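A short worksheet on the structure shown next.
Per chain, numbering begins at 1; letters A, B, ... match sequence-line order. What you see is a predicted model, and the numbers here were worked out from it, not measured in a lab. Side-chain atoms are counted along with the backbone in the values below, which use heavy atoms only and exclude waters and symmetry mates.
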Protein chains: 2
Amino acid sequence: MEKDGSKDSMDAFARECRDRGLKVTYQRMEIFRVAVSTDEHPDAVTVHKRVKKRIPTISLDTVYRNLKLLAAHGLLAVVGTSGEHLRFDANRGPHHHFTCVRCGMIRDFTSEVLAALPLPREAQDLGVPLSQHLEVKGICVACEKKEQRKKEAPRHKRDA
Amino acid sequence: MEKDGSKDSMDAFARECRDRGLKVTYQRMEIFRVAVSTDEHPDAVTVHKRVKKRIPTISLDTVYRNLKLLAAHGLLAVVGTSGEHLRFDANRGPHHHFTCVRCGMIRDFTSEVLAALPLPREAQDLGVPLSQHLEVKGICVACEKKEQRKKEAPRHKRDA
DNA sequence: ATGGGTGCAAACAGTTTGCAGTTAC
DNA sequence: GTAACTGCAAACTGTTTGCACCCAT
């Protein structure tokens with residue numbers, strides 16, 4: 001699926017919706033078209049504004065609902081940790097983040113390999129870089145352990 | 001400044017405050033102590049809860065104000081894009097982000113060098129990684145141009 | 001003493017939810 | 001026909017702001 005909102009990609013999207021039991025509504029299609037036609041990572045209000053040009057009566061909450069729904073189905077993603085509360089970081093040195101997708105915990109790590117990494121040219125083409133850090137998403141050891149336990153001992157209903 | 005809230009680091013912090021004309025209040029010190037004593041990247045409510053143990057009467061908005069103030073002074077940082085609106089990304093392939101610190105624009109880029117990069121061991125120690133992407137912060141070409149113009153032609157008041 | 005800082009309460013903005021009517025399947 | 005979806009309005013939550021008092025400098 002290219003990021004252009006072409007007929008092909010919209011057809012593919014419609015198919016993916018039906019596959020998941022999601023109805024293919026005009027609103028949903030237009031919301032997706034707008035989202036997929038830009039790489040500015042718009043927020044819900046921006047998407048709403050743009051969709052309104054085609055569907056003047058569409059409501060903001062329909063946009064929210066659809067973006068969230070599509071995100072839940074993996075048809076699009078929420079950028080970074082956006083939308084969560086403000087989180088603060090008193091570690092002022094260069095470091096990277098490991099974010100647990102289960103519990104939301106963010107842990108720092110440092111890496112000499114990464115520190116030595118030159119900034120890719122593709123990024124330099126976009127502007128003057130000031131800092132860079134790697135965002136790793138995954139499942140932290142604590143959550144991993146929890147899930148292991150569930151698998152290993154499903155006969156106990158300790159995790160009702 | 002180590003991330004331990006030791007007397008030394010607190011003294012250093014007090015000095016940095018005074019250097020910037022910020023008053024060294026009990027509340028401010030405790031807020032910083034909490035922030036710097038953890039790498040969980042707590043949100044304001046969490047910080048508030050912890051500071052309350054020492055200062056039961058502290059208000060949540062004092063915590064907000066101080067965290068924001070300290071962030072503005074570079075004494076701590078706001079994590080990722082947190083706190084902004086929800087932003088959505090329909091680019092489902094692996095890609096990285098260039099975020100402009102001036103205008104907030106986020107642009108995607110891909111990089112074969114990065115794609116080939118093995119995940120550092122330090123991250124694997126924290127859990128099972130699912131995805132990784134580089135977050136580059138800097139000044140985008142548009143903002144860069146704007147600032148150049150200001151420097152080069154200050155005699156014209158085209159940028160009043 | 002005095003300007004910044006604090007606490008309170010009220011305002012705000014973005015997001016979510018309940019409901020009744022509508023639409024895709 | 002029915003379950004999913006939409007639009008509206010009201011609720012909610014995290015964050016910000018105005019104001020009067022207080023405290024570090």
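Counting distance only, with no hydrogens placed and no angle test, the side-chain atoms of B/R65 and the base atoms of C/dG4 include no donor-acceptor pair under 3.5 Å. In this model, no side-chain donor or acceptor of A/N66 finds a partner on the base of D/dC5 within 3.5 Å.
Taking 4.0 angstrom as the limit, B/T25 places a side-chain polar atom (N or O) nearer than this to OP1 or OP2 of C/dT6. Phosphate proximity of C/dT23 to A/Q27: absent, as no side-chain N or O sits under 4.0 Å from OP1 or OP2. For C/dC8, neither phosphate oxygen OP1 nor OP2 lies less than 4.0 angstrom from any side-chain nitrogen or oxygen of B/S59.
Position along DNA chain C of the nearest nucleotide to B/G21 versus B/I55 favours B/G21 as the more 5'-ward residue.
Here the C1' atom of nucleotide D/dC5 and the CD1 atom of A/I58 are 11 Å apart, to the nearest Å. As a whole-Å value, the separation of B/Y26 OH from C/dG7 P is 11 Å. One can place NZ of B/K23 at 10 Å from C1' of D/dC22, the figure rounded to the nearest angstrom. For the pair B/F13 CZ and D/dA24 P, the interatomic distance rounds to 15 Å; values are reported in whole Å. Rounded to a whole Å, the CG atom of B/L60 is 13 Å from the C1' atom of C/dA9. For the pair B/L67 CG and C/dT6 C1', the computed distance is 15 Å after rounding to whole Å. The interatomic distance linking B/L22 (CG) with C/dG3 (C1') rounds to 13 Å, in whole Å. If you measure from atom CD of B/E30 to atom P of D/dA24, you get 13 Å, rounded to the nearest angstrom.
Exactly one residue among B/T38, B/V63, B/V45 makes a side chain to side chain contact (heavy atoms under 4.5 Å, CB included) with B/R50. That residue is B/T38.
As judged by a 4.0 angstrom heavy-atom cut-off over every strand, A/V24 is placed among residues touching the sugar-phosphate backbone only.
A salt bridge is defined here as a Lys NZ or Arg NE, NH1 or NH2 lying under 4.0 Å from an Asp or Glu carboxylate O, and A/D61 with A/R65 meets this definition. Salt bridge status for B/R92 with A/E16: present, with a side-chain N to carboxylate O gap under 4.0 Å.
Checked against the 6.0 Å centroid threshold, B/F32 and B/F13 count as a close aromatic pair.
Checking C/dG14, D/dT25, C/dT6 against the side-chain heavy atoms of B/R18 singles out D/dT25 as nearest. If you check C/dT16, D/dG14, D/dG7 against the side chain of A/K68, the one that comes closest is C/dT16.
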Apply side chain to side chain contact (heavy atoms under 4.5 Å, CB included) to residues A/V34 and A/H48 and explain how you reach the verdict.
CA-CA 9 Å; A/V34 166; A/H48 182 228; over 6 Å; no
